[in-house]
Amino acid sequence: MSETAANPVPQHVAVIMDGNGRWAKERHLPRLAGHNAGAKAVERTLKAAKKAGVKILTLYAFSTENWSRPQDEINGLFKLLEQTLDRYTQDAAKHGVRLLVSGAREPLPPSILAKIDHAVSSTQANTGLTLNLALNYGARQEILHAVNALLAQGKTQATLQDISNHLYQPQLPDPELIIRTSGEERLSNFLLWQAAYSEFYFTPVLWPDFDETEFNKALAAYRGRKRRFGGV
Ligand code: FPP
């Protein structure tokens with residue numbers, strides 16, 4: 001492998017959790033059964049990340065494009081999200097998890113927005129792992145939101161730092177590693193700005209089957225990558 005020292009454990013790992021539907025289909029189950037199993041994989045991944053020393057985990061839970069899914073699947077996904085938010089808010093203190101939510105507020109229902117706000121505010125002082133849920137998230141929308149915020153300030157010219165400062169979570173470092181499950185190899189409007197120098201790890205494993213072993217495989221692959229940031 002490389003002669004350079006191995007990369008340290010990434011501070012920030014982002015995951016495109018894909019393959020819930022195919023996992024369910026293989027078992028002749030409804031798609032929602034795949035999402036339920038996916039929620040369990042979220043918990044395993046949180047534990048694995050914490051154990052490995054990762055500080056921030058960004059998970060793509062619902063994209064701005066996911067509204068085109070059948071209404072009953074959307075309803076089921078949001079029910080699952082509400083349950084998860086409730087549980088994490090209760091358990092967060094115990095585990096020290098700080099919850100952040102990234103995405104557009106429109107057109108999320110007020111009940112979900114209230115739960116998000118409560119979950120975020122009641123965990124903000126926690127100093128353990130940061131779980132950043134990308135919910136109703138689209139990266140192009142995020143960049144547009146930053147540009148519009150700058151225009152509203154009267155700026156006629158922006159710097160790279162100006163745009164970074166107006167993303168949904170300007171305080172977070174860019175993810176060093178982005179994982180996508182289920183064999184698909186694309187970004188799908190996820191973290192376009194922040195991924196400029198991220199390493200990518202693709203695995204055929206479907207999200208509901210993802211676990212600590214798989215997470216550690218991704219970290220091991222990252223450890224051996226040569227990161228040049230445009231240099232030589
Ligand atoms: C992609 O699988 C997954 C999603 C669109 C939703 C992700 C949601 C979860 C993992 C469950 C809940 C998460 C939290 C944080 C509570 P897909 O449906 O696109 O699968 P397919 O490509 O096989 O159809």
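Start at 1 and go down the list; that is how both ligands and their atoms are numbered.
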Which residue owns the protein heavy atom closest to atom 22 (O) of ligand 1, what's the atom, and how far is it? R22 NH2, 2.9 Å

What's the shortest distance from atom 14 (C) of ligand 1 to any protein heavy atom, and which residue and atom give it? L81 CD2, 4.1 Å

Among all protein non-hydrogen atoms, which one is nearest to atom 13 (C) of ligand 1, and what is the separation to 0.1 Å? V42 CG2, 4.1 Å

Check whether any heavy atom of S182 sits under 4.0 Å from an atom of ligand 1. no

Any N or O on Y60 sitting closer than 3.5 Å to an N or O of ligand 1? no

State the atoms of ligand 1, each with its element, that fall below the 4.0 Å cut-off from a heavy-atom position in T84. 16 (C)

Numbered atoms of ligand 1 (with element) below 4.0 Å of W207, judged on heavy atoms: 10 (C)

For atom 3 (C) of ligand 1, what is the nearest protein heavy atom, given as residue, atom name and distance? M17 O, 3.1 Å

Check whether the side chains of S182 and R22 place a donor and an acceptor atom closer than 3.5 Å, and report yes or no. yes

Do E43 and Y88 come within less than 4.5 Å of each other through their side chains, counting heavy atoms only? yes

Which ligand 1 atoms does L133 reach within 4.0 Å, using its non-hydrogen atoms? 15 (C)

Note: ligand 1 atoms sitting under 4.0 Å from heavy atoms of R69 are 5 (C), 17 (P), 18 (O), 19 (O)

Is R180 paired with E185 through a side-chain N to carboxylate O contact shorter than 4.0 Å? no

Sequence neighbours left out, what pairs pass side-chain hydrogen bond (donor to acceptor under 3.5 Å, both in side chains) with at least one residue falling in residues 101-111? S102-N132, S102-Q169, R105-D117

E212 with K51: basic N within carboxylate O range, under 4.0 Å: yes

Taking atom types as modelled, is there a side-chain donor on H35 or E73 under 3.5 Å from an acceptor on the other? yes

Regarding E214 and K217, does a basic nitrogen lie under 4.0 Å from an acidic carboxylate oxygen? yes

Which is it for N66 and ligand 1 at heavy atoms under 4.0 Å: side chain, backbone, both or neither? side chain

Sub-4.0 Å atoms of ligand 1 with respect to non-hydrogen atoms of R31: 17 (P), 18 (O), 24 (O)

With the side chain counted from C-beta on, respond yes when V13 and T58 share a heavy-atom pair under 4.5 Å apart, and no when they do not. no

If you measure only the distance, is there a donor-acceptor pair under 3.5 Å linking the side chains of Q161 and H166? no

Which residue holds the protein heavy atom closest to atom 9 (C) of ligand 1, what is that atom called, and what is the gap in Å? N20 ND2, 3.6 Å

How close does the nearest protein non-hydrogen atom get to atom 11 (C) of ligand 1, and which residue and atom is it? H35 O, 3.4 Å

At a 4.0 Å threshold, what atoms of ligand 1 neighbour a non-hydrogen atom of A61? 6 (C), 7 (C), 8 (C)

Geometric cation-pi criterion, R69 with W67: 6.0 Å, 45°: no

Just which atoms of ligand 1 are under 4.0 Å from any heavy atom in G21? 17 (P), 18 (O), 20 (O), 21 (P), 23 (O), 24 (O)

A student checking ligand 1 against L80 at a 4.0 Å heavy-atom cut-off should list atoms 11 (C), 12 (C)

For K25, the side chain to side chain contact (heavy atoms under 4.5 Å, CB included) test, sequence neighbours excluded, returns none

